[in-house]
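Numbered from 1 within each chain, the chains take letters A, B, ... in sequence-line order. Because only heavy atoms are used, hydrogens play no part in the values below, and waters and symmetry mates are left out as well, while side chains stay in.
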There are 2 protein chains.
Amino acid sequence: MVSNRKCITRLSRYKNALKRLKALGFIKVFSDNLSDAAGVTPSQVRKDFSLFGITGNKRGGYKVDELIEQIQVILGKNEIQRVILVGAGRIGAALLRYKGFEEGGIRIVSAFDIDPAKYLANDAVPIRPLEEMTQFVRDEKIRVGIITVPDSAAQRIAEIMAAAGIKGILNFAPIQLRGTDEVVINNINLESELENLIYFVNAHSKANSAKCD
Amino acid sequence: MVSNRKCITRLSRYKNALKRLKALGFIKVFSDNLSDAAGVTPSQVRKDFSLFGITGNKRGGYKVDELIEQIQVILGKNEIQRVILVGAGRIGAALLRYKGFEEGGIRIVSAFDIDPAKYLANDAVPIRPLEEMTQFVRDEKIRVGIITVPDSAAQRIAEIMAAAGIKGILNFAPIQLRGTDEVVINNINLESELENLIYFVNAHSKANSAKCD
DNA sequence: ATATTTTTGTGAATAATATGACAATATAAC
DNA sequence: GTTATATTGTCATATTATTCACAAAAATAT
Ligand SMILES: NC(=O)c1ccc[n+]([C@@H]2O[C@H](COP(=O)([O-])OP(=O)(O)OC[C@H]3O[C@@H](n4cnc5c(N)ncnc54)[C@H](O)[C@@H]3O)[C@@H](O)[C@H]2O)c1
Ligand SMILES: NC(=O)c1ccc[n+]([C@@H]2O[C@H](COP(=O)([O-])OP(=O)(O)OC[C@H]3O[C@@H](n4cnc5c(N)ncnc54)[C@H](O)[C@@H]3O)[C@@H](O)[C@H]2O)c1
């Protein structure tokens, strides 16, 4: 098992780049085509592949179709990944209705909320009472959940998810949920992403005005 | 200038942790309180601070208020950061209406779209025709933009933004926009975040079933 | 057939990050 | 005041990630 976040993220990038290259008619690629398309170095590509036991052909590169297939298997894309979401508010609803996940083999099968005004039993993705979540997760053997509730509720929802058997959580609430041996957590903090960007924009403009001295 | 993404992200985390600690009544903190609250090691905290020239008192720790203030200045939170958004669709609308950014000193001052059905001249955050963006950015000296248009339009919007004088872009479209010397880009790919999570959930369950052999 | 070229796969070298260790020093205890 | 104690700030060390370099292998050219 490769336990390097960045490396897995690159794998997603390679997969996306490969799909573009395939659409452009490429049948095979070399590590430097792919690295170009993915914005990394060729040796990074080869090293990553080596880590996952992906092999190509000396002087022949990699067959695009096979490569996509191999990466997809590593990323679990050989089967549809069923996911639930808790908190059908603004951002939750945006995610629920996004078609792109399904195209990538990720299906949000149900949402849950505490607000009865949000319930929608017969939608493409039903929105159900929170109380039904635990049973649903157990019955459907769901392992991945998305949290889009207010920060004050996030920790509690994470605990309910973990107790129900969820093994991975994508959390959008602006609190840093801590993972355990049992549950992997990926915290997305959009304000922090903006702060990060703003820091670099400011640092950059200072560096440039310094250059002008 | 510190040019380490992770380090800036930690700074956001410290800031958030400090605000929580302050709410709990802390007047001063030590590197190990803070590291606990932020989920890093104490030496990481001190190392980061040292990098930014933040100093405390030997045996006295750091005064919470001063520390928050210093970090906020580094992150540009001493002034309101004005930001625009292009693509007032599902995810764009969720971001537009999110109150949390304003609380953190980040204000989305206007959105832009090509679909006249989306225009809303007199909303809290107006949604205007895309054609008005360039002028708006110039007049208002906006430096940061958020892209929430379909992937097919993202590259073009990024170029228009750059030409108008935008220096930093937070991109939600699932294509990897490439930064330049002039423009910093932070790509958020939510599908890739889910793929990442799913990889670790699967890898973990395999590792555990292996343990059971 | 043989030589030349191209490209992989990987171990070694380098670079980037994080942790550890501890001297310096401020505070508190006596 | 003196001693003991706690905590920072930073340099040394360890760990992790990336790039380099090149032998091995396959394809192509001669
Ligand atoms: N909207 C954004 O653009 C945005 C941006 C960054 C972060 N976030 C974060 O995402 C989260 C959701 O934001 P939002 O704007 O969608 O908020 P929202 O208020 O629109 O939606 C929250 C939803 O969660 C539901 N909810 C509340 N408590 C619950 C509970 N205990 N169990 C189940 N459901 C519960 C509410 O009924 C509501 O439907 C927040 O933590 C917010 O900080 C949102
Ligand atoms: N909705 C989600 O949850 C989600 C999740 C992951 C990624 N994304 C990505 O975010 C982006 C937006 O997704 P969405 O679901 O909000 O889509 P959407 O179709 O709801 O919204 C897109 C908006 O962009 C506008 N638009 C299109 N072309 C434009 C142009 N050239 N200039 C200005 N505006 C333009 C459209 O009029 C529309 O309002 C997409 O790239 C999508 O892949 C969305």
Looking only at heavy atoms, what is the nearest atom pair of A/G87 and A/V149, with distance? CA-CG1, 3.6 Å

A/V40 side chain reached by A/V45 side chain, heavy atoms, under 4.5 Å: yes

Any carboxylate oxygen within less than 4.0 angstrom of a Lys/Arg side-chain nitrogen, looking at B/E193 and A/R5? yes

Between D/dT19 and A/Q44, is there an OP1 or OP2 to side-chain N/O distance shorter than 4.0 Å? yes

Taking only side-chain nitrogens and oxygens of B/Y62, does any of them come within less than 4.0 Å of OP1 or OP2 of C/dA26? no

Using a heavy-atom distance cut-off of less than 4.0 Å, which residues of residues 2-40 of chain B contact DNA chain C? B/N4, B/K6, B/R10

Atom-to-atom span, CD1 of A/I54 to P of C/dT8 - whole angstrom: 13 Å

Please tell me whether A/E66 and A/Q70 have a donor and an acceptor in their side chains that are separated by less than 3.5 angstrom. no

Looking only at side-chain atoms of A/K47, point me to the closest of C/dG9, D/dG9, C/dA12. C/dA12

Would you kindly give the CZ-to-C1' distance between A/F49 and C/dG9, to the nearest whole Å? 12 Å

Over all strands shown, is B/S43 touching base, sugar-phosphate only, or nothing at heavy-atom distances under 4.0 angstrom? base

Does A/L24 have more than 12 heavy atoms from other residues, nucleotides or ligands lying within 6.0 Å of its CG? yes

Measure CG/B/L51 against C1'/D/dT8 and give the value in whole Å, please. 16 Å

Pair B/E69 + B/K63, salt bridge at N-O below 4.0 Å: no

Interatomic distance where CZ belongs to A/R46 and C1' belongs to C/dT10 [whole Å]: 10 Å

Under 4.0 Å between a side-chain N or O of B/T41 and OP1 or OP2 of C/dA18? no

Atom CZ of A/R59 to atom P of C/dG9: distance rounded to whole Å? 15 Å

Would one find more than 12 heavy atoms of other residues, nucleotides or ligands at under 6.0 Å from atom CG of B/D181? no

Just the rounded figure in Å: distance from P of D/dG9 to CG of B/N57. 8 Å

Over how many whole Å does the gap from B/D48 atom CG to C/dA18 atom P extend? 8 Å

